Structures are given as C-alpha cells and as structure tokens.
Amino acid sequence: ALALSMMPRIDFHAIHLVRDGRAVVYSRQGTLSKTKKRTLQEGSPVSTWRASLSWRWVNFLSGQILRVDGLPGFRMRYEDITERPNPIFHRIGSLLNVNLDPVRCDIENGKRIPVGHLLTANRVRMRKEIRLFPDVEWKSRLSGRDRWIFRLLAGPALGKYGYPID
C-alpha cells in the first residue's frame with residue numbers, strides 16, 4: 001500500500017478496517033465440530049497468542065499508511081459498519097466520490113454481497129459472497145483465559161481503535 005501511495009499515476013485512497021481483536025481471536029480459534037471436515041475456506045485453528053500478536057501487528061502496519069502526509073483515508077471499525085452503516089458509507093462515498101446508498105441498503109437488509117478482488121489471505125477469499133452482521137458471539141464464548149492472553153499481548157491497542165478494555 002505504501003509503494004502504491006507513492007506512485008503519481010495512482011489515485012490512492014486508504015481505508016483501514018479494524019475489528020475488535022477479541023472477536024478475531026475467537027474467529028481464528030475455529031468453531032467447527034470434530035465430526036465436520038475442515039475445508040480450505042474455513043482454515044485451521046490458530047492459537048490465542050498467535051492470533052493476538054498477529055492482530056496487533058497487522059493493524060499497526062495497516063495504520064501506518066494513514067500517517068502518510070496528504071494521503072486521503074481513514075480508519076473504520078467493522079462493528080460500526082454493521083451497527084451504524086449510514087455514517088460509515090457516507091464517509092467512504094465522500095472519500096471516493098461515489099454513491100454507496102445501494103450497498104448500504106443491501107447491508108442493512110441483510111443481503112449477501114458478492115466478493116470481488118481481495119489482496120489479503122483472508123478466509124473470505126474463498127467465498128463467492130458475504131453478509132455483514134453484528135458478530136457478538138465471542139463476547140459470551142471467548143474464555144477468560146483467552147481474554148487474559150489477548151489483554152496481555154494486544155490489549156493496549158484496543159483503546160487506540162475505540163474498543164473498551166475489559
């Protein structure tokens with residue numbers, strides 16, 4: 001992203017999407033039953049310490065692009081998109097000079113969205129479509145031990161992104 005932002009012919013805009021790290025830890029642990037076969041799409045479980053450090057490092061690096069002088073962009077939280085999409089899509093549309101009302105309406109109505117080109121190795125890359133929704137299962141299912149490990153390794157970064165540190 002940094003290299004692309006320096007190319008004069010590219011009209012580069014950055015949007016740093018961040019999700020609560022505890023939700024990421026829970027998601028990366030894998031929730032498949034032992035009787036269900038794991039597919040490439042679902043990936044393999046990742047340890048709490050590895051997911052915590054990865055979340056902190058990836059978001060730190062992603063956030064650095066927003067520090068480039070004069071580069072248009074901003075940070076947004078996944079939870080804000082799913083809970084209050086209006087202001088987020090207005091801000092993205094203003095940044096890109098695009099009307100995103102149809103996309104916002106689709107998300108608000110729970111419609112599945114086709115997946116286009118992704119640059120990262122996210123598990124979403126294997127899907128043809130996604131649905132954005134408030135994902136709060138981790139709040140009741142992430143163990144106290146896993147919360148403690150996350151808090152120790154990556155907890156201080158939660159506040160930077162507007163998340164409560166519990």
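Reckoned from all heavy atoms, side chains included, excluding hydrogens, waters and symmetry mates. Fair warning: this is a prediction, and the values are worked out from it, not measured in the lab.
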Exercise. Stepwise, does the side-chain contact (heavy atoms from CB on, under 4.5 Å) test hold for I88 with R91?
Worked result: CA-CA 5 Å; I88 295 294; R91 189 167 183 196; 5.8 Å; no
Donor-acceptor contact present, side-chain [X] to main-chain [Y], <3.5 Å:
| X | Y | answer |
| --- | --- | --- |
| D146 | L142 | no |
| E79 | D20 | yes |
| Y78 | D135 | no |

For this session: Report whether W57 and L153 are members of the same hydrophobic cluster (ILVMFWY, side-chain heavy atoms less than 4.5 Å apart, transitive linking).
Result: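 No, because W57 and L153 fall into different hydrophobic clusters, even though each may have its own neighbours under 4.5 Å.
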Between [X] and [Y], is any pair of side-chain heavy atoms under 4.5 Å apart?
| X | Y | answer |
| --- | --- | --- |
| R75 | V18 | yes |
| I65 | L71 | yes |
| T48 | R28 | no |
| F89 | V103 | yes |
| R77 | R84 | yes |
| C105 | K111 | no |

For this session: Give the C-alpha distance, both sets of side-chain angles, the deciding distance and a yes or no for side-chain contact (heavy atoms from CB on, under 4.5 Å) between I81 and M76.
Result: CA-CA 8 Å; I81 297 172; M76 64 183 190; 3.4 Å; yes
Exercise. Hey, which of Y161, W49, Y26, F60 is the one that makes ring pair (Phe, Tyr, Trp, His ring centres under 6.0 Å) with W55?
Worked result: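 One option only clears the test, and that one is Y161.
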Exercise. With a cut-off of 6.0 Å (strictly less than), are more than 12 heavy atoms of other residues, nucleotides or ligands near CG of N97?
Worked result: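 Open.
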For this session: Determine whether more than 12 heavy atoms belonging to other residues, nucleotides or ligands lie under 6.0 Å from atom NE2 of H13.
Result: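 It does: H13 NE2 has more than 12 such atoms within range.
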Exercise. For F150 and V24, what are the C-alpha separation, side-chain angles and deciding distance, and is it a side-chain contact (heavy atoms from CB on, under 4.5 Å)?
Worked result: CA-CA 10 Å; F150 179 85; V24 172; over 6 Å; no
Seminar exercise, completed: Rounded to the nearest 0.5 angstrom, the CG-OG distance for D69 and S5 is 11.0 Å
For this session: To the nearest 0.5 Å, tell me how far R22 CZ sits from R147 CZ.
Result: 7.0 Å
For this session: Consider only side-chain N and O atoms of N59 and S62, and report whether a donor and an acceptor are under 3.5 Å apart.
Result: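 No, because no side-chain N or O of N59 sits under 3.5 Å from a partner of the opposite role on S62.
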